[in-house]
Q: 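My questions all concern the structure below.
Along the sequence shown, residues are numbered consecutively beginning with 1. These numbers come from a predicted model, not from an experiment.
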Amino acid sequence: MSTHQARAGVRSVARVVARGDGRGGTALPVLESEGSFALRRTRGAGAQARVLLVGAMGGPLGGDHCTFEAHAEEGAHLHVGSVAATIALPGQSGGEARQDVRLTVADGARLDWLPEQLISAGGSDLRVTTRAELAPGAHLVLREEQMLGRAGEQPGRLAGRLTVWRAGRPLLDQELACGPGAPGGWDGPAVLAGHRALGQLVVVRPDFDRDKPAACLLGESGTAALTPLAGPAVLVTAVAPDGLRLRRTLDLALARLT
């Protein structure tokens, strides 16, 4: 593991490639990481290969740039999680931190991207960009969860964009900015309505072309919504007073959809 540190912050990269091993399992020919985190393979189940992101430093801090790449090739079933929440912090150098997630899934492959929550601490400034590119026969489960501030703390600025492409065409493209400097109304009744935990779950399954769940409300007091997308995919968007209730809602949705 090595660390490349410039005046602007730390550059961290993690990359995993999964491939069907021809015996009903999944091999990991590439498992690379450097900077503020490490990748570790853990015990999977059946054909699944399971990988965990392990933080080696605090952050991301202001000025840091983190990149995650996960590629599931034909015949692979890759599950990527993390061992703990990620906390965005202001850092001494200040400035915006960046976190880029790049996912690709081939025909006949499945990728479960299920990291722990991202916490936007007071004074931090983080931009997260997640892009998934899928073949027509790909299967994707993607969950993102954000907490705005720690207990009793005002949040930092958090901006995120999530895009999902299938066979070269967009299934989903959404952006949200929260915290100081975000466009007005982010905490109003049309967006978070005072909640401090928010999340989204995207499930893409080829069989949803034939039988896709209908739109409905989920969660306590209807604080989550299931929305069919224009393709074999659904989006669940949820808000909650805290991370525990957010996870409970998304877990129930995940069990229903997979």
Side-chain angles (χ1 to χ4, degrees), residues 1-6 8-21 25-44 48-73 76-89 91 93 95-106 109-121 124-134 138-147 158-165 199-202:
M1 180 182 297
S2 62
T3 301
H4 305 290
Q5 186 164 6
V10 174
R11 168 77 178 185
S12 302
V13 180
R15 183 170 182 262
V16 56
V17 176
R19 182 179 300 154
D21 63 7
T26 299
L28 298 177
V30 177
L31 194 66
E32 303 172 339
S33 55
E34 61 176 11
S36 60
F37 42 71
L39 292 173
R40 296 289 184 264
R41 181 167 189 170
T42 62
R43 185 181 299 275
Q48 180 192 88
R50 185 179 290 260
V51 174
L52 290 177
L53 286 162
V54 181
M57 303 179 189
L61 307 178
D64 290 355
H65 186 184
C66 304
T67 302
F68 306 95
E69 296 183 8
H71 308 281
E73 299 181 354
H77 181 181
L78 174 62
H79 180 289
V80 181
S82 56
V83 298
T86 297
I87 305 178
L89 297 166
S93 62
E96 180 185 76
R98 293 173 54 193
Q99 179 173 296
D100 296 325
V101 178
R102 299 290 179 261
L103 312 175
T104 60
V105 191
R110 172 170 172 168
L111 172 59
D112 296 351
W113 180 260
L114 299 169
E116 293 301 309
Q117 296 164 343
L118 170 63
I119 301 172
S120 175
S124 64
D125 186 356
L126 176 64
R127 175 173 292 276
V128 180
T129 304
T130 302
R131 181 183 176 97
E133 298 185 12
L134 314 178
H139 189 149
L140 174 70
V141 176
L142 183 154
R143 183 188 68 212
E144 293 186 335
E145 297 173 304
Q146 297 90 26
M147 289 291 301
L158 177 63
R161 182 176 182 182
L162 170 61
T163 57
V164 180
W165 292 72
Q200 42 277 333
L201 173 69
V202 180

Q: Does R143 use its side chain to pair, donor to acceptor, with the backbone of L114 at less than 3.5 Å?
A: yes
Q: Ignoring hydrogens and geometry, is there a side-chain-to-backbone donor-acceptor pair from S82 to L53 under 3.5 Å?
A: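 The answer is no, because no donor-acceptor pair under 3.5 Å joins these two groups.
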Q: Identify whether the distance between the nearest side-chain nitrogen and carboxylate oxygen of R127 and E96 falls below 4.0 Å.
A: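 Salt bridge between R127 and E96, a charged N being under 4.0 Å from a carboxylate O: yes.
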Q: Could you pull out all residues at least two apart from E32 that satisfy salt bridge (charged side-chain N to carboxylate O under 4.0 Å, His left out)?
A: none
Q: Please give me the minimum heavy-atom distance between P60 and A97, naming the atom from each residue.
A: CB-CB, 4.2 Å
Q: Answer with yes or no whether the side chains of T26 and H77 bring together a donor and an acceptor at under 3.5 Å.
A: no
Q: For the residue pair E144 and T130, what are the closest heavy atoms and their distance?
A: OE2-OG1, 2.6 Å
Q: Has D64 got a side-chain atom pairing as donor or acceptor with V10's backbone, closer than 3.5 angstrom?
A: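 Pair found, side chain donor or acceptor close to backbone of V10.
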Q: Looking only at heavy atoms, which two atoms of V105 and A109 are closest? And how far apart?
A: CG1-O, 3.4 Å
Q: Does S36 offer a backbone N or O that forms a donor-acceptor pair with the side chain of S12 under 3.5 Å?
A: yes
Q: Name all residues meeting the side-chain hydrogen bond (donor to acceptor under 3.5 Å, both in side chains) criterion together with H139; count only those two or more places apart in sequence or in a different chain, and write none if there are none.
A: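 In terms of side-chain hydrogen bond (donor to acceptor under 3.5 Å, both in side chains), with neighbours along the sequence ignored, H139 is linked to no residue.
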Q: For R15 and L39, work out which heavy atoms get closest and say how close.
A: O-CD1, 3.5 Å
Q: Answer yes or no: is there a side-chain heavy-atom contact under 4.5 Å between Q200 and Q146?
A: yes
Q: Would you call R131 and E133 a salt bridge, taking side-chain N to carboxylate O under 4.0 Å as the test?
A: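 Yes, R131 and E133 are salt-bridged.
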Q: Should D21 and R19 count as an ion pair when the cut-off is N to O under 4.0 Å?
A: no
